[in-house]
Amino acid sequence: MPGRIDGRVALVTGGSRGIGQAICRRLAREGAAVIVNYASQRGAADEVVDRIRGGGGRAMAFGADVADREAVRTMVEAAVHEYGPIDILVNNGGVLSRGTALTWDDAAFDRMIAVNVKGIVHTVQAIAPGMMARRYGRIVNISSIAGLGTATPETTPYATTKAAVIGLTKRQAFELGRHGITVNAICPGFIATEMLTALPEAAAQMGALAARAMLNRVGEPDDIAHVVLFLASDESSFMTAQVLTVDGGRTDFLSASA
Ligand code: NAP
């Protein structure tokens, strides 16, 4: 049976772990050749590639800090050389540091802006011109429910970067739509990855986090990967500039019980 994105080429930033590894595997299972980007954990990225190849898929790992414009350009050139033009770009790689409006740390915020926001600017600048030339492209930006409001406490600088991702998504969609490129964002709720479990109170309160979502559970990386696949496929061809919340009903649960 043909896959839903057979023959497409996809680049997933932060594809080595957590949500990104699930996205890489899901896209590969549906027929895409996948570039598994990582920042520092080469071994984790290699494992994702091995699993994809073991299942008969096509994948390669490529290290690049998305905050580094030149490193992104080099990665994209290598990817195009290996697999041909990129059809699908998933901007998933991200970092989180704690902070409130009062404990705000400028250095931590600058790093989050560089990775979470400028990283998306860099990949789009490197990849969108090729998509425009072929009048086809799917771009999916991973934001967060933190970017929508107050759902995650003590993450104010991070939430600010994730709100910026939503604004950036809409502007990119506006500017690229006439070239046949869709740009959408996903706002995951709490997903069981190292980013979440590294927050000490989150790890200790997994049950409480689950109880405050309508579906009564914390999400799994695959919960996000399925939605990315839809936005990366032709099934979503009339959707752009949209922000999909995938949080088990957490955001609405909080407003309902406020
Ligand atoms: P994670 O488990 O911490 O994994 C982060 C991934 O991003 C890793 O693959 C890491 O690569 C990569 N990365 C970090 N800095 C990078 C950089 N400078 N350049 C390229 N890649 C980089 O995080 P996750 O939970 O899967 O989060 C993935 C995305 O979802 C992030 O954008 C995050 O903000 C968002 N999100 C997560 C949750 C959640 O509850 N988990 C909720 C909402 C939104 P290495 O392996 O090399 O370090």
Side-chain angles (χ1 to χ4, degrees), residues 11-25 34-49 61-72 74-76 89-98 108 110-123 126 140-149 151-153 155 157-166 168-169 185-199 201-203 205-206 209-210 213 217-225 227-228 243-248 250-251:
L11 187 148
V12 181
T13 69
S16 46
R17 292 185 289 119
I19 295 171
Q21 58 78 30
I23 295 171
C24 289
R25 291 169 48 216
V34 180
I35 297 99
V36 180
N37 161 254
Y38 64 96
S40 58
Q41 298 206 19
R42 162 115 223 177
D46 283 343
E47 255 178 58
V48 177
V49 168
F62 206 100
D65 175 352
V66 293
D68 178 341
R69 187 192 298 274
E70 275 317 302
V72 168
T74 303
M75 168 174 67
V76 170
L89 165 63
V90 185
N91 284 306
N92 163 80
V95 286
L96 182 158
S97 298
R98 302 290 302 277
D110 288 349
R111 180 64 187 156
M112 286 188 283
I113 283 283
V115 176
N116 300 355
V117 182
K118 287 188 189 170
I120 297 179
V121 174
H122 296 158
T123 56
V140 184
N141 296 330
I142 304 297
S143 176
S144 168
I145 55 167
L148 295 171
T152 54
T155 57
Y158 169 79
T160 303
T161 69
K162 290 299 184 176
V165 171
I166 292 172
L168 184 57
T169 298
I186 296 175
C187 291
F190 287 129
I191 309 297
T193 69
E194 283 171 44
M195 181 177 281
L196 181 64
T197 52
L199 297 173
E201 77 288 359
Q205 296 170 12
M206 222 44 120
L209 289 182
R217 68 178 177 87
V218 168
E220 296 298 327
D222 274 340
D223 290 319
I224 305 304
V227 183
V228 170
V243 180
L244 300 188
T245 301
V246 184
D247 69 347
R250 177 177 166 79
T251 312

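Predicted model, so just to flag it, every value in this text is computed and none were measured. In each ligand, atom 1 is the first atom listed, and ligand 1 is the first ligand listed.
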When you look for heavy atoms under 4.0 Å from ligand 1, do you find them on the side chain of A44, its backbone, both, or neither?
-> neither

Can you name the side chain to side chain contact (heavy atoms under 4.5 Å, CB included) partners of E70, sequence neighbours left out?
-> D68, R73

Can R111 and D65 be counted as an ion pair, charged N to O under 4.0 angstrom?
-> yes

Is it the side chain (CB and beyond), the backbone, both or neither of N37 that lies under 4.0 Å from ligand 1, heavy atoms counted?
-> side chain

Just let me know how K162 lines up against ligand 1, side chain, backbone, both or neither, with a heavy-atom cut-off below 4.0 Å.
-> side chain

Which segment of V95 sits under 4.0 Å of ligand 1 when only heavy atoms are counted | side chain

Donor-acceptor pair between T169 and N141 side chains, under 3.5 angstrom | yes

Give the numbers and elements of all ligand 1 atoms closer than 4.0 Å to a heavy atom of E194.
-> 2 (O)

The single option from I191, V228, I186 passing side-chain contact (heavy atoms from CB on, under 4.5 Å) against I19 | I191

So which bit of A64 gets within less than 4.0 Å of ligand 1, heavy atoms only: side chain, backbone, both or neither?
-> backbone

Test item, A114 contacting ligand 1 (heavy atom, 4.0 angstrom) = no

Please write down residue, atom name and distance for the protein heavy atom closest to atom 47 (O) of ligand 1.
-> S40 N, 2.6 Å

Protein residue, atom and distance nearest to atom 3 (O) of ligand 1, heavy-atom basis = M195 CB, 3.5 Å

Please state which part of M75 comes within less than 4.0 Å of ligand 1, counting heavy atoms only: side chain, backbone, both or neither.
-> neither

Given that the side chain starts at C-beta and the backbone is N, CA, C, O, which of these parts of V66 lies under 4.0 Å from ligand 1, counting heavy atoms, or is it both or neither?
-> both

